[in-house]
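Numbered from 1 within each chain, the chains take letters A, B, ... in sequence-line order.
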Amino acid sequence: MADIELAVTAAAAAEVVADEQGTTLRRTGRLALIARRFVRRRSAVVGVVMLLLLVVFAFVGPMIARWGYDEPDFLALAQPPGAEHWFGTTTGGSDVFALVARGLGRSLLIGILSSLATTVVAALIGTTIAFFEGWVERVGMWILDMLLVVPSFLLIAMITRSASGTGGWLILTLALTAFGWIGYARVLRTLTLQLRELDYVHAARYMGVGSFTIIRRHLVPNLGSVLIIQTVLGVVGAVNSETALSFLGLGVKAPDTSLGTILQAGQSVVLTSPWVLLAPSLFLVALTFSMQLIGDGLRDAIDPYSRSGGKA
Amino acid sequence: MRFLARRLVNYVLMLFLATSLVYFLASFFMDPRSNYLSRNPRPPMASIDASLTAANINDKTPIFERYWNWITGIVLHWDWGLSPTQEPVSGAITSRIGASVQLLSLATVLGIVIGVGLGVYTATRQYKWQDRVLGGISTFFLVVPTAVLALGVVIGAIWLNQAVGFRLFYVTGLHSYEGHNWLLKLSDLAQHLILPTIVLTVITAVTYHLTQRTYLLDTMNADYVRTARAKGLPLNVAIRKHALRTSLIPTTVNVAFTVAGVFTGAVITETIFAINGLGKYFITSLVNNDINASVAIAAFGGACALIAALLADVAVAWIDPRVRIS
């Protein structure tokens, strides 16, 4: 997945550099340009609107819900959607509307936080390995390859399973970050290989600028577009992992809830009360699909060679 | 040959370190003692300790001593240890691998073939309606979580079973026929396999579709393809002879590195379709605080990934004339 962006953004980075050296013409600012190209893509705008609606729902939902997510209504077990319970209730009497609102918030939080953290860790380690060449690079790559051998899903599951209570989502976020950056750091390292040969990086090095300063000032910002796109798309990956783990009963556990946890509850009652499964599924797909649309739109807006959005 | 041998040694070393890492992590995070403590009535402490020690997972024994026992058992007797229930891990894991292979091999091959085919088809029709429609469908399936997809398939199958009035698909297990008629046996297996195979194939195919499309688009604009075109080669031939070959290289590497991914994707699928494969075994061993089994599964996954990486090296060398093994 991450490899796709590799070639595209290398080209994008080159273009940006050329752009900043040259033109004295009156020109549209880079951000305005990207924004304009982004808005022109209808699917991207749909994605943003969907995401905003979901975020609003996650915030407002718990306030307008008639029931709390942890407050079962024992007079209405496995009720279909109706006036009292808008999305129906589970077999235990929990209000599905309240559950979904709370679970969506949790899934969003876990997805965004761990995706951000993963990007930061991967960017720092990936560029550092590439920057120092020689034995640092060899040893670093060897360790990265070694870590890739371990199926990370298993380790994440192992760690989050040992956590319990309402702090579980934090442990899950940490675990997703701790084992999610590895493959991504590899990709960033490959991109940095080209960047480290740039003249101003050499110049900075000969001027005696500290290595870490070069990495922070010159290398990481040059990867900006890749990092932004990867962070957005990383949310999809993180949400999917979170759902998978919670679905298996290894991630977020009761009394807390997430979309994956509700899915698990819905799984056993597919035939008798399908709404328990349907509501979280719809929200989950809407969430990941909107992030994907935004990511695709951003990619096309940032990539100067893209031909999909007309001329900017 | 020397190259291959050196790489093999490197891989074995990697696998050894990675597995050891998992062993320490698992010993740190899993607590088999709690299995016994939560029993009612609680067994006497001495007998708990005795069972834990027998399985080499007693947390009162120093970790390095346990590690040493564990590693010598594997090296000397190929013995991967015991579960907390004193059941040997080696035997349990072998039968699960069999079930997983039955489930995964067809789906993986189908997924790669369909995915790469779609990628090539849509890349040559970039931004035409075929590309847009197929791309949209693939993006949709890419983001649908496996659990939702698999449950959707289950609901659809149950609905179809009711519509036709008899059991067309089985939604759980891998076998249910007990006789010796191989034709019935085969159709029974097919009835069980078809649904999980659909799920796994879709998951694999959409990733390959989207990546292969990008790779081929990248190489289609490369100089050597343009040169071939300028010499008068028709577009289709130029793509088939020049661009396709190069664009298959990153896909080959991807295939290797997604073997571990296929394996984890199957955890969900196996759980939903109640197939006793490796994925399900992993979940049970986690829930049972079964340190030795979890580590053995991780080691198996790692070994698969490394074998695939080795095969990918060979395949890339075969596809790409620029790679000279030296």
query: Can you tell me if Gln212(B) and Ser247(B) form a side-chain donor-acceptor pair at under 3.5 Å?
result: yes
field: Distance-only side-chain donor-acceptor flag, Glu242(A) / Ser246(A), under 3.5 Å
entry: yes
- request: Could you have a look at Ile158(B), Leu21(B), Leu15(B), Val154(B) and say which one has the most heavy-atom pairs with chain A under 4.5 angstrom?
  value: Ile158(B)
- request: Would you please say whether a donor-acceptor pair under 3.5 Å links the side chains of Thr211(B) and Thr214(B)?
  value: no
field: Interatomic spacing from CZ in Arg96(B) to CG in Asn276(B) - rounded to 0.5 Å
entry: 4.5 Å
- request: With a 4.5 angstrom heavy-atom cut-off, could you sort out which part of Leu151(B) is near chain A: side chain, backbone, both or neither?
  value: side chain
message: Please classify the contact between Ile143(A) and chain B as side chain, backbone, both or neither, with a heavy-atom cut-off of under 4.5 Å.
response: neither
message: Below 4.5 Å, heavy-atom pairs only: which of Val144(B), Thr19(B), Leu286(B) has the largest tally toward chain A?
response: Leu286(B)
task: Using a cut-off of under 4.5 Å on heavy-atom pairs, state which of Asn10(B), Thr271(B), Ile155(B) scores highest against chain A.
output: Asn10(B)
query: Between Phe289(A) and chain B, which part of the residue has a heavy atom less than 4.5 Å away: side chain, backbone, both or neither?
result: both
task: Tell me, please, which residues at least two apart from Asp131(B) pass side-chain hydrogen bond (donor to acceptor under 3.5 Å, both in side chains).
output: Arg213(B)
field: Contacts of type ring pair (Phe, Tyr, Trp, His ring centres under 6.0 Å), residue Phe29(B), not counting sequence neighbours
entry: none
Atom group of Leu147(A) that falls short of 4.5 Å from chain B, counting heavy atoms: side chain
